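Because the structure is predicted, anything quoted here is derived from the model rather than measured. As a basis for the values below, the full set of heavy atoms in this structure was taken, side chains included, without hydrogen atoms, waters or symmetry mates.
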Amino acid sequence: MKQTKTSKIALVSILAALSVVLGYFVKIPTPTGFLTLLDAGIFFTAFYFGSREGAVVGGLAGFLIDLISGYPQWMFFSLIFHGSQGYLAGVKGKWQWLGLVLATIIMVAGYAFASAWMNGWGAAIPEIVPNLAQNIVGMTVGFLLCHSVKKARRSEEHTSELQSLRE
């Protein structure tokens with residue numbers, strides 16, 4: 001199936017909505033906010049589509065989760081940090097490892113500095129390890145999901161080619 005611009009926009013919108021649902025319903029409270037599985041949706045989108053789509057899903061989903069969860073003070077931080085995380089995670093080719101490292105640094109350090117600015121370093125420092133763990137788990141789940149979807153699509157394409165040869 002050829003992917004048109006409209007279908008890609010619709011699919012990225014659905015991924016953003018799914019990331020919001022995943023992040024909203026799977027959350028672990030912490031002293032300065034909460035940890036979610038939002039990162040899995042961000043990394044999946046970045047790995048599957050690329051930087052621009054990863055940034056859209058990351059920024060929009062992070063922003064909306066904070067809005068509907070009652071943490072409006074974090075909305076714009078999440079827009080920037082998760083949007084940057086998605087953009088950098090979508091780097092392809094030989095520089096992908098650097099993009100993933102920078103995505104992790106931007107998210108973890110960004111929230112640490114924002115938390116320190118709003119609540120002091122006493123509240124920010126304990127959040128560094130959980131944010132790092134959230135990022136690594138999200139990266140791993142996103143990677144595995146991306147490869148599963150790509151494998152399923154290849155299998156589907158192979159099956160449709162075999163059917164067309166039989167006809």
According to a hydrophobic-cluster definition based on side-chain heavy atoms being under 4.5 Å apart (Ile, Leu, Val, Met, Phe, Trp, Tyr only), do [X] and [Y] belong together?
X	Y	value
Val26	Val137	yes
Phe113	Ile125	yes
Val129	Ile105	no
Ile14	Leu64	no
Ile136	Phe143	no

Any donor-acceptor N/O pair, Thr45 side chain to Gly54 backbone, under 3.5 Å:
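Here the side-chain-to-backbone pair does not exist.
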
Checking the side chain of Trp95 only, and the main-chain atoms of Lys92 only, is there a donor and an acceptor separated by less than 3.5 Å?
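Here the side-chain-to-backbone pair does not exist.
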
May I have the step-by-step check of side chain to side chain contact (heavy atoms under 4.5 Å, CB included) for Asn131 and Asn135, ending in yes or no?
CA-CA 6 Å; Asn131 280 339; Asn135 193 80; over 6 Å; no

Check [X] against [Y] and note the closest heavy-atom contact, atom names and distance.
X	Y	value
Thr36	Gln134	N-OE1, 3.0 Å
Leu100	Phe47	CD2-CE2, 3.5 Å
Ser19	Ala61	CB-CB, 3.9 Å
Ser115	Ala124	OG-CA, 3.6 Å
Leu60	Ala16	CD2-CB, 4.1 Å
Ser78	Tyr111	OG-OH, 2.5 Å

Among Leu38, Leu18, Val12, exactly one meets side-chain contact (heavy atoms from CB on, under 4.5 Å) together with Val57. Which residue is that?
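Only one of Leu38, Leu18, Val12 forms a side-chain contact (heavy atoms from CB on, under 4.5 Å) with Val57, namely Val12.
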
[Y] side chain reached by [X] side chain, heavy atoms, under 4.5 Å:
X	Y	result
Phe49	Leu11	yes
Ile42	His82	yes
Tyr48	Phe43	no
Leu79	Asp66	no
Val141	Leu37	no
Thr104	Gln85	no

Hey, do the aromatic rings of Phe76 and Phe63 have their centres closer than 6.0 Å?
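Ring centres of Phe63 and Phe76 closer than 6.0 Å.
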
Got a second to check how far Leu144's CG is from Phe44's CZ, nearest 0.5 Å?
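Interatomic distance, Leu144 CG to Phe44 CZ, rounded to 0.5 Å: 12.0 Å.
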
Gap between atom NZ of Lys151 and atom CZ of Arg154 - 0.5 Å precision
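The CZ atom of Arg154 sits 8.0 Å away from the NZ atom of Lys151.
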
Check the surroundings of atom CH2 in Trp121: do more than 12 heavy atoms from other residues, nucleotides or ligands lie under 6.0 Å from it?
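For Trp121, atom CH2 is crowded (more than 12 foreign heavy atoms under 6.0 Å).
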
Parallel under 30°, tilted from 30 to 60°, perpendicular over 60°: which one fits the rings of Phe81 and Phe77?
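Ring orientation of Phe81 relative to Phe77: parallel.
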
